[in-house]
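From a predicted model like this one, the values you see are computed outputs, not experimental measurements. In what follows, every heavy atom counts, from backbone to side chain, and hydrogens, waters and symmetry copies are set aside. Below, read A as the first sequence line, B as the second, and so on, with proteins coming before strands; counting in each chain starts at 1.
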Amino acid sequence: MDPRQGLRLLLPARPVDRDRPARPGQGPRRPRGHLHRGRRAAAVRPHQPAAVRRPDPGLAHLAGDDAAARGRRAHGHPVGGRSPGTGAAGGGHDRGPGHADQHRRRRRHHLDRRGRAMTSPTSGVRTRFCPSPTGTVHVGLLRTALFNWAHARHTGGTFVVRIEDTDAARDSEESYRHLLDSLRWLGLDWDEGPEVGGPHAPYRQSQRHEVYRDVAAKLLAAGHAYESFSTNEEVEARRLAAGQDPKLGYDNADRFLTDEQKAAFRAEGREPVLRLRMPDEDLAWTDLVRGEVRFAAGSVPDFVVVRANGVPLYPFVNPVDDALMGITDVLRGEDLLPSTPRQLALYAALQDIGVASGAPRFGHLPYVTGEGSKKLSKRDPQSNVDVYRQRGFVPEGFANYLALLGWAIAEDRDVFSTAELAEAFDVTRVSANPARFDLKKAEAINATHLRALPVGEFVTRVVPFLAGAGLVADPPTPEQERLLRAIAPLVQERVVVLSDAVELLRFLFVEDVEIDPAAAAKQLSGPEAAEVLDAAAAALRDLGDWTTEAVEAALRTALVDGLGRKPRQAFGPVRVAVSGRTVSPPLYESIELLGRERTLARLAAARAAVPG
RNA sequence: GCCCCCAUCGUCUAGCGGUCCAGGACGCCGCCCUUUCAAGGCGGUAGCACGGGUUCGAACCCCGUUGGGGGCACCA
């Protein structure tokens, strides 16, 4: 029952894919989206088994619980029949209003009952995240991973990670590790994939080279693929000769070459590429996030599946692996949407030769854009997940914000945990609009999560940042630990990212503070300041009870009552003297924790620095 | 050029024919609290791109326009 086992044959290979995450950019355009949404909601319910899956041996998807819905949806689905080509031609006419209502409420139909061969626990849903380990991890990529993970978790399905490392020139072991590390940091775990294994191993395409050749051979033998000898120049010349735009691409001219013709080409020394024969019907599918999407018959030319040198290409390898791994739901970046008709055609062919049991459902996620309407390119520093991590975004907060890029948990709420995301996530409710990455909002969400952390946890997370700045040991000494526990609650609500704590706490972990020039100019410039510092020092020098309360009382008495200063004028100089900055944790507490010795020393140092 | 996607406050969104003179959040602006900064509380600013339909009724359905974006490789 596992057709895939049979496929492991030879095949050079190296291609592969990577579903690009949604990237940046774009804007608005024509009306109509709304209906799609309604339609989509009615037609596509996430957890349903993939539409139509026919014979399916090993792939456990399908089986759903709602046969009726399935049949209904089948129309809109690709690869319904066995006719090799065909997407769901003609689909579209289904779903009446009634169905809509009926399917509208979100419930989760876990299609359990399947069980067999699958590893997936409670439902047949199998999602995958298949990045290429090149360079940095893009926020859009991580968002794609998050949604795939959430969809799998929400439906009780299986989340698969597959590494598409077939580009030796760009891939690196370092990025591979970094990628996995980033996923784990975000809090995503996978059921099958690298370092975890699984029934469909290996999960790194660089180790799956042999798998593709057999599939290509079968496709050729079954007539779904054919040898094509045309060069690009020849194709262009033919199009021009026919008065057509050369940009239309390949003209399917080699579809019916005779053996003699092929032999003649070979005699010339030409080696053919393998092209997939596209069906003559429209290719359409009901996108999980966009509703029906349709490409007219003939608008997509036969595409190359295997190069002349035997190397299979991404558009071929990616779907093949998805089929072999039983992927039922493909959530990927919007940029891959135009290639979906080709995948649908390929799936139909794969199904015909027994490699696939039906096409998966597709959900094309909107782009994540940067400032302006420009796309958030991998080159844009803002797209690099590492910078957020390094600044001290906490995974809970970052995941929360990422989820907000195209999805909403409720009308009046936007702060939630990753677990709550999994609990409530519904792909069909993902917006089709591109979403701009708003740093301010990301920070606000992060700050909220930071404040919600238990104090001890906050300390644990902030230590690496303080240690990195050389302020505390890692782990902290008992005394440092004591200070941190005491001051943490006060800084926790004053930071947006963990690294903010460094400057806020520096004064507490150094012997002498370096006074910020600007702060000094503002608070330590005149005779009033000198007067305040002297009075403060006098009041604290012999203070009996060195507690926050006692410190406050002493300073108020001396400065406010004694000197008649307004609180603002009274405490400003003291704050700068003690912390070196105009912004600091609450003064009295800070002084208590700093201790009498250092406090008095700083007051004296600041006094000496006051000009005049 | 061809194909496809998208279109509600500055930003992310809710909205699935009437309950919307459109709700939330971030941002921004006030006020309160206050030893700074935050946090918190209160209040405010700001939006259905346009034009036709359909309908008793449209932000929601249809068509078009305009405006964004993406894809058109023997790259992934």
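For the pair A/R143 and A/F147, the distance from NZ or CZ to the six-membered ring centre is under 6.0 Å and the angle to the ring normal is within 45 degrees. With A/Y203 as the aromatic partner, A/R162 does not meet the cation-pi criteria of under 6.0 angstrom to the ring centre and within 45 degrees of the ring axis. Both tests pass for A/R275 against the ring of A/Y250: distance under 6.0 Å to the centre and angle within 45° of the axis. Annotation: cation-pi geometry not satisfied between A/R332 and A/F362 (NZ/CZ under 6.0 angstrom from ring centroid, within 45° of ring axis).
Side-chain atoms of A/R494 come within donor-acceptor range of the base of B/C37, with a qualifying N/O pair under 3.5 Å. For B/U35, the base has no donor-acceptor partner in the side chain of A/R568 [N/O atoms by modelled type, under 3.5 angstrom]. Below the 3.5 angstrom threshold, one finds no donor paired with an acceptor across the side chain of A/R436 and the base of B/U11.
Using Watson-Crick or G-U wobble geometry with both donor-acceptor distances under 3.5 Å, B/C50 finds its partner in B/G64. B/G1 and B/C72 make up a base pair, with Watson-Crick or G-U wobble contacts both under 3.5 Å. Searching all strands for a Watson-Crick or G-U wobble partner of B/C28 with both distances below 3.5 Å returns B/G44. Base pairing of B/G18 is made with B/C56, judged by Watson-Crick or G-U wobble geometry with both donor-acceptor distances under 3.5 Å.
Rounded to the nearest Å, the gap between the P atom of B/U34 and that of B/G47 is 36 Å. Rounded to a whole angstrom, the distance from the C1' atom of B/G23 to that of B/U8 is 11 Å. Remark: the separation of the C1' atoms in B/C28 and B/U11 is 12 Å, to the nearest Å. The separation of B/C26 from B/A14, taken at their C1' atoms, amounts to 15 Å, rounded to a whole angstrom. Atom name P, nucleotides B/A22 and B/A49: the rounded distance is 15 Å, in whole Å. B/C32 and B/C37 are spaced 14 Å apart, taking the P atom of each and rounding to whole Å. With both ends at atom C1', the span from B/C9 to B/G27 equals 11 Å, rounded to whole Å.
Projected onto RNA chain B by closest heavy-atom contact, A/A408 and A/R451 fall at different nucleotides, the more 5' of which corresponds to A/A408. In this structure, A/F295 and A/A308 both approach RNA chain B, and ranking their closest nucleotides by distance from the 5' end singles out A/F295.
Taking the side chain of A/E411 as heavy atoms from C-beta on, and the options B/A14, B/C74, B/G70, the nearest nucleotide is B/A14. The side chain of A/D438 has B/G10 as its nearest neighbour among B/A14, B/C5, B/G10. Checked against B/G71, B/U35, B/C5, the side chain of A/R575 finds its nearest nucleotide in B/U35. Side-chain proximity of A/R429 to B/C74, B/G15, B/C5: nearest is B/G15. Side chain of A/V583, nearest nucleotide from B/C37, B/G23, B/C5: B/C37. You'll find that the side chain of A/D245 is closest to B/G1, out of B/C74, B/G1, B/C4. Of all nucleotides listed (B/G27, B/G1, B/U35), B/U35 comes nearest to the side chain of A/F571. Between B/G27, B/C4, B/A39, one nucleotide has an atom nearer to the side chain of A/V293 than all others, and that is B/C4.
The distance between atom CG of A/L402 and atom P of B/U13, rounded to the nearest whole Å, is 13 Å.
Nucleic acid contact for A/L587: base, since at least one base atom lies under 4.0 Å from a heavy atom of the residue.
Counting only heavy atoms from C-beta outward, the side chains of A/T582 and A/D516 never approach each other to under 4.5 Å. A/L219 places a side-chain heavy atom less than 4.5 Å from the side chain of A/L346.
A/N433 has a side-chain polar atom (N or O) that falls below the 4.0 Å cut-off from OP1 or OP2 of B/U8.
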